[in-house]
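To keep things clear, I will list the structure first and then write my remarks on it.
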2 protein chains.
Amino acid sequence: MSDAKVLVVDDEPNIRDLLSASLKFAGYEVQTAINGKQAIEAAASWQPDIILLDVMLPDMNGFSITKKLRSMEVTTPVLFLTARDETQDKITGLTVGGDDYVTKPFSLDEILARIQAILRRSTTSDLQASVIKVGELEINEDAHEVSVNSQMVDLSPTEYQLLRYLAVNANRVLTKAQILDHVWEYDFNGEMGIVESYVSYLRKKLDPVSTTPLITTKRGVGYMIKAPS
Amino acid sequence: MSDAKVLVVDDEPNIRDLLSASLKFAGYEVQTAINGKQAIEAAASWQPDIILLDVMLPDMNGFSITKKLRSMEVTTPVLFLTARDETQDKITGLTVGGDDYVTKPFSLDEILARIQAILRRSTTSDLQASVIKVGELEINEDAHEVSVNSQMVDLSPTEYQLLRYLAVNANRVLTKAQILDHVWEYDFNGEMGIVESYVSYLRKKLDPVSTTPLITTKRGVGYMIKAPS
DNA sequence: TTACCAGCTGTGATATTCCTGAGAGTTGGC
DNA sequence: GCCAACTCTCAGGAATATCACAGCTGGTAA
């Protein structure tokens, strides 16, 4: 699912760079565009597998761009980026077809998850639910449901995101800074203590139903979920 | 029922794109035409399994087009798209045989359901009613009837559409934006709170006759109907 | 052993999301 | 032309989530 081609379209340089760097690190090939004109050109010539498209660009809005693309027989799926307080009429119609949208400010993990979901649906035509399994832990991404030892556990959105990030990176220690950068929205400016809090919440919910503690602390380094060998 | 061929005929580009994208995502093969001449050519040469035909086109109206097609021995079923204020006799004259019609503005879910219904009738000659079953819930698509625990429940059109969309996507969380884009007409530009209202209406009608709550809320994500495992 | 410091967790203030009843506006049947 | 059903908005309140803070715990190194 990696080495897919992603076209990032946003006029804000910091967002562009953030996405570009993260996606490259995640193994994607990335190109960027700063306005609608560039985006359409790049989409036509480079033929990306997915387009990350800011809804409000200086020259065109997301709708005009996708309309233009579709009229050129470019059927690349689009993941829209919209401001949280965008008026409804700008948002309606965005989730038709294989398209999806996320609101700014987003978290990196959310973007990566959405991209994966879209690519999975567009490349393979599998109708099977996508499930992450690590030992006794199971995360059903379609239903947003988590179970340990076949016991359902109810998690808040942030708890879910955190657990998912840890599970995807099982057997790898993640620093609190990494976790903060991936799970929390990019404009979050609180302390890293929040990560400790949420790890605590997760343990309180998960450990009572698991036979062995799930999340291990690497003192001075970070956290990790260890898969049984 | 998928990978059937659908010919979309409409002169408005945004409607054409909306339908094209959604149908492709639903697994259909799609071609488009922007006027009667193109439509007749495509219908004859490409031989689609169904034609979505706007009644009012710049060069010909739907009546002339179907007459022309039928005279060419093309018996492909047609789903007409008409304006809501179209005169009734014009419409009734059109929908002979296996044909059907929907009024603009339509909802995506409605179009998809109608297409499925027509294809089912024309390809397989089964006279069995198509029924969606999820746990205690049963939706008879032919009769538009809903029952829970064998108890009939009376729903308004919008309630029915919403429930159907949730049932078809059982075990998958649907965001309020997705629901709005699929169940409500494409030109609806109200708030997402309407989804909450209708979920509330549904629960008030369904829960009294069901042994377990049908629609679950995934806080911060959306709604889901969970099938018992 | 002791002192230190990273990590853990309970408390509470604030923010967000969701639910639902009430009512206004529309449509369609009779 | 009236009534009933339906659609949609709105706002108060309930439930839940987020985050900061501070005191506590326990590992670690001298």
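Within every chain, numbering begins at 1; the chains are lettered A, B, ... in the order of the sequence lines, protein sequences first and strands thereafter.
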Neighbour count >12 (heavy atoms, 6.0 Å) for atom NZ, A:Lys226:
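No.
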Taking NZ, NE, NH1 and NH2 as the nitrogens, is one of them in [X] or [Y] under 4.0 Å from a carboxylate oxygen of the other?
X	Y	value
B:Asp17	B:Lys24	no
B:Arg120	B:Glu141	no
A:Asp142	A:Arg121	yes

B:Tyr160: ring pair (Phe, Tyr, Trp, His ring centres under 6.0 Å) partners, not counting sequence neighbours
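B:Tyr160: ring pair (Phe, Tyr, Trp, His ring centres under 6.0 Å) contacts with B:His144.
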Enumerate the protein-to-nucleotides 9-17 of chain D contacts in which both atoms are nitrogen or oxygen and the separation is below 3.5 Å.
{"residue": "D:dA15", "atom": "N3", "partner": "B:Arg219", "partner atom": "NH2", "Å": "3.2"}

Any idea how A:His182 and A:Tyr165 line up, ring-wise: parallel (<30°), tilted (30 to 60°), or perpendicular (>60°)?
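Parallel.
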Specify whether A:Trp184 and A:Phe188 have parallel, tilted or perpendicular ring planes, treating 30° as the upper limit for parallel and 60° as the lower limit for perpendicular.
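Aromatic pair A:Trp184/A:Phe188 classed tilted.
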To the nearest Å, how far apart are [X] [atom1] and [N] [atom2]?
X	N	atom1	atom2	result
A:Arg203	D:dT25	CZ	P	17 Å
A:Lys218	D:dG27	NZ	P	14 Å
B:Glu185	D:dC8	CD	C1'	13 Å
B:Ile179	D:dC8	CD1	P	15 Å
B:Ile215	C:dT20	CD1	C1'	15 Å
A:Leu180	C:dG7	CG	P	14 Å
A:Trp184	D:dA20	CH2	C1'	13 Å
A:Met192	D:dC19	CE	C1'	16 Å

Does OP1 or OP2 of [N] have a side-chain N or O of [X] closer than 4.0 Å?
X	N	value
A:Lys176	C:dA6	no
B:Tyr160	D:dT7	no
B:Thr217	C:dC19	yes

